[in-house]
Chemist: 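A single structure is presented below for examination.
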2 protein chains.
Amino acid sequence: MSGPARVTHASTRAAVLDLVRAAGMISRVGLVNATGLTGGTISTVVRGLIDEGLVAETGHAESTGGKRRVMLQLNHFARYAVGVHLDDARITYVLTNLGGAVVARISRAGAAADEPAAVVARVAREVDALIDSVGVERGRILGLGLVAARPAEHQEFGRALERATALPVVLDHDATAAAIGEHWSGGVGATSTFAALFMGTGIGAGILLGGTTYRGPSGHTGEIGHTCLDLDGPRCWCGARGCLEVLAGPAAVVEQARADRALSRAAGLVGGRTRAATPVAADFAAISRAARQGNTRAVALLERSARYIAAAARGLANVLDLEVLVLTGPSFAIAGSVYLPVLRAELDSAFIARDAHPISVRLSPSAASAPAIGAAAIVLQSELVPRRQGLRLPDDLAAEEPPVFLAR
Amino acid sequence: MSGPARVTHASTRAAVLDLVRAAGMISRVGLVNATGLTGGTISTVVRGLIDEGLVAETGHAESTGGKRRVMLQLNHFARYAVGVHLDDARITYVLTNLGGAVVARISRAGAAADEPAAVVARVAREVDALIDSVGVERGRILGLGLVAARPAEHQEFGRALERATALPVVLDHDATAAAIGEHWSGGVGATSTFAALFMGTGIGAGILLGGTTYRGPSGHTGEIGHTCLDLDGPRCWCGARGCLEVLAGPAAVVEQARADRALSRAAGLVGGRTRAATPVAADFAAISRAARQGNTRAVALLERSARYIAAAARGLANVLDLEVLVLTGPSFAIAGSVYLPVLRAELDSAFIARDAHPISVRLSPSAASAPAIGAAAIVLQSELVPRRQGLRLPDDLAAEEPPVFLAR
DNA sequence: CGAGGATTCTTCAGTTACTAAACAAAGAAA
DNA sequence: TTTCTTTGTTTAGTAACTGAAGAATCCTCG
């Protein structure tokens, strides 16, 4: 009662390029099977990609009885993209090639309360340094992806950066970027439905449904940090009570640790003594270190946090029928090994669709720079995968119609 | 830094038909504005729809300075569809026209433990009776939508029903159907991102993102009933603790009411005394009645349930950036007036994206038969909105490639 | 070694679904 | 009546595909 699983893509060229990237190496026949297009179409599309220098023939597969397949690969060094992650604490820069592999990476202290114009100049300077450090021609750089927790607040910053760097700038949410980064740099299947659970200072999730980024009508998606886990819990700035972020976010973990004299001393927390720029991040790292070294109080604190996050993650998985869940972001980069088994256990035992398909839970191999890598991946997508012109459907249709009606 | 909001549709014909349906009445120029297509394209597409008898010209709008627009409307009685909702307690049948309006409706007791073959025969007979009751030609009936809480268990039933009724059968989840029904029968914008919160015996949600049904990779979407709201709450059959369904579902409300002697007597609960086929549904109705009549204990019970559901609904809205939330299904049909204000208050005060756009929370005008209406709407969609052939992307690409590789 | 089959890849004519632009029809304003 | 505006249709052209024929390459077996 239902046809074969088919997915409509933005454009054929983009779909083919995406398949070549995802497969690592694939033949034209492989593309025919994967796309459902005819050999003729694949032939011309691939020729175009080769002419543009994006794809290259790299050898032959063994014969299956007739002519050998010519294998195709992404020409990884044909194009580059810059990714910038603006965090309160740090600014992370990466330069990636077409495959999403990091070619250069630098990380600098955040620009907390500095003057905007000065920050733009500084970021532009650091982007230049990043590019110069590997000597990539500027003409081969497709653009700059800029991601932050609240992208809407950085629109003007983005425009200024566009002028300062002479690179096209795209702006996005950091959690969404992290998800796209995981998808682009492989590991997650091309059409998979997955979420990147992102923990920095706050907690969020980037969502890809069937390989397509889900951004929602206003871009405020994946706000899993404000999932309720205790109806009568402590108040959150969002207006609700018992939000995940308040109960189990890094700030909450750090606060709980600081209240524990013994743990504070053992882990060497700074928050109690100094007014450092980023006491939460530093102390969260210290607690994680203590946990790795076997401090039972630190372990208990993190596992308590993990149980809350696991419950929220299960809720997300149940709502979206997720196939993959990736833990990423600075905080999971530090403490992921504590959280991972707790989340796995939760989803193995109580994910509703577990009989229909498995859900793979894993730690990002590049959790700390995932948002920046994702920012670059968004540029790769937006430049190489031009959106096909679809149908514009304005919110208010009725308003465009004349109000008066005369019966015939 | 971002283009105009555009949406790709399955096919132009379908998109135009959908716009005509959603708008109720619209001109060709209105369609041009709404779709972004040119006048020429709209002209030919509309001609095709008129030739098929699906759309009709119904008069003129007032002039805006030149020629008056010819208004188009759906030809509501050109086609029909049957919707069947299989519930443990009841089987609901509807016959709808092209606009999703109910033309005939019957409801019968559920077929709990009867023999499958007998149930198929009975349902086929009742469908015939439904159709005969309004004398619609069978050739104008596009098909039969069959929805249930666990559609996967009814595959064989669906096939048998297809043979018995000689109508094409499509199978789907009841909550998803309810959402599609709300969308199809208007009230919710064409491209809106919304969820239908469905409460029958369990709690689920049907999800439409940007006007497109979200079914997930295995169809287990919107399982909001297993959202965790208490880490150390009571065990649920799903394997977790503190699930919404266990804390606040109709069964939980009824159980709590039965434990209250005074309330049991006042509301006249049957569950304690008899072994009726559907004690939960009947008692939930009794509690709702008592609440409406001012019984403070009944009100308190339902409001407690509502607070839990509101928290879970807020989580869903925060994750998906919802624009609309519709309460539907038998239990909301009975007690929706108690739940609605609680959900509204929760989302007004703590929905993350509330500064970006409002979220409209409302009660379905046809909550009791929403799944059946949605089942019919699915038929209308699947028959009138043929999926465009997209790109097939098999899960396992690598397997199709020959394993051995020879460098050139 | 060479003919024949298998498989891969390209070419080319034809189809579909669009756009752009000219045109025709209908009403408003002067 | 003339002119302008707006609506809707027609037509020629284009992009992106399909289907089928054919060329290229490799394997196998006599």
Side-chain angles (χ1 to χ4, degrees), chain A residues 6 8-17 20 25-51 55 57-72 386-392 400-402 404-406 408, chain B residues 6 8-17 20 25-51 55 57-72 386-392 400-402 404-406 408:
Chain A
R6 274 168 177 268
T8 33
H9 251 77
S11 87
T12 300
R13 196 193 88 114
V16 169
L17 189 62
V20 173
M25 182 177 296
I26 192 168
S27 69
R28 287 178 180 77
V29 176
L31 290 170
V32 167
N33 295 334
T35 58
L37 299 170
T38 60
T41 304
I42 292 296
S43 185
T44 53
V45 168
V46 167
R47 182 169 39 249
L49 292 172
I50 290 175
D51 287 351
V55 162
E57 300 185 335
T58 53
H60 295 90
E62 250 189 9
S63 171
T64 56
K67 180 173 173 180
R68 292 177 306 175
R69 299 178 179 185
V70 177
M71 303 307 285
L72 304 165
R387 292 247 148 263
R388 170 157 146 280
Q389 285 224 344
L391 302 171
R392 187 167 40 85
E400 298 207 2
E401 283 293 296
V404 186
F405 170 76
L406 303 173
R408 179 149 53 182
Chain B
R6 271 166 180 270
T8 34
H9 253 76
S11 86
T12 301
R13 196 193 89 115
V16 169
L17 188 61
V20 172
M25 182 176 295
I26 192 168
S27 69
R28 288 176 179 78
V29 177
L31 290 169
V32 167
N33 295 334
T35 58
L37 298 170
T38 60
T41 304
I42 292 296
S43 185
T44 54
V45 168
V46 167
R47 181 166 43 249
L49 292 172
I50 291 176
D51 286 350
V55 162
E57 299 185 336
T58 54
H60 295 90
E62 249 188 11
S63 171
T64 57
K67 182 176 174 179
R68 292 177 305 174
R69 299 178 178 185
V70 177
M71 303 307 284
L72 304 165
R387 291 248 147 261
R388 171 156 146 279
Q389 283 223 345
L391 302 171
R392 187 168 39 87
E400 298 206 2
E401 282 294 294
V404 187
F405 171 73
L406 303 172
R408 180 151 54 183

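Note on naming: letters A, B, ... go to the chains in the order of the sequence lines (proteins, then strands), and numbering restarts at 1 for each one.
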Chemist: Distance check needed: D/dC17 P versus A/R13 CZ, whole Å only.
Modeler: 12 Å
Chemist: Would you say that B/V70 contacts B/H60 through its side chain, given a criterion of any heavy-atom pair below 4.5 Å between the two side chains?
Modeler: yes
Chemist: Restricting to pairs with a member in residues 30-47 of chain A, which pass salt bridge (charged side-chain N to carboxylate O under 4.0 Å, His left out), not counting sequence neighbours?
Modeler: none
Chemist: Are the side chains of B/L17 and B/L49 in contact, using a 4.5 Å heavy-atom criterion?
Modeler: yes
Chemist: Under 4.5 Å between any side-chain heavy atoms of A/L31 and A/V20, yes or no?
Modeler: yes
Chemist: How many whole angstroms separate atom NE2 of A/H60 from atom P of D/dA24?
Modeler: 15 Å
Chemist: In whole angstrom, what separates B/E62's CD from C/dA28's C1'?
Modeler: 12 Å
Chemist: Using whole Å, what does the distance between atom P of nucleotide C/dA20 and atom CG of B/L37 come to?
Modeler: 11 Å
Chemist: For A/S63 and for A/V45, find the nucleotide of DNA chain D with the closest heavy atom, then tell me which residue's nucleotide is more 5'.
Modeler: A/V45
Chemist: Please write out the pairs of protein N or O atoms and N or O atoms of nucleotides 7-11 of chain D separated by less than 3.5 Å, giving the distance to one decimal.
Modeler:
| unit_1 | atom_1 | unit_2 | atom_2 | d |
| --- | --- | --- | --- | --- |
| D/dT7 | OP1 | B/R69 | NE | 2.5 |
| D/dT7 | OP1 | B/R69 | NH2 | 2.8 |
| D/dG8 | OP1 | B/V70 | N | 2.5 |
| D/dG8 | OP2 | B/V29 | N | 3.3 |
| D/dT9 | OP2 | B/R28 | NE | 3.2 |
| D/dT9 | OP2 | B/S43 | OG | 2.4 |
| D/dT9 | O5' | B/S43 | OG | 3.3 |
| D/dT10 | OP2 | B/R47 | NH1 | 3.2 |

Chemist: Working note: B/V16 + B/I42, criterion side chain to side chain contact (heavy atoms under 4.5 Å, CB included); need CA distance, chi angles, decisive distance, verdict.
Modeler: CA-CA 8 Å; B/V16 169; B/I42 292 296; 4.0 Å; yes
Chemist: Between A/T38 and B/G65, just flag the one whose closest nucleotide in DNA chain D comes earlier from the 5' side.
Modeler: B/G65
Chemist: What residues, two or more places apart in sequence or in another chain, satisfy side chain to side chain donor-acceptor pair (under 3.5 Å) together with B/T41?
Modeler: B/T38
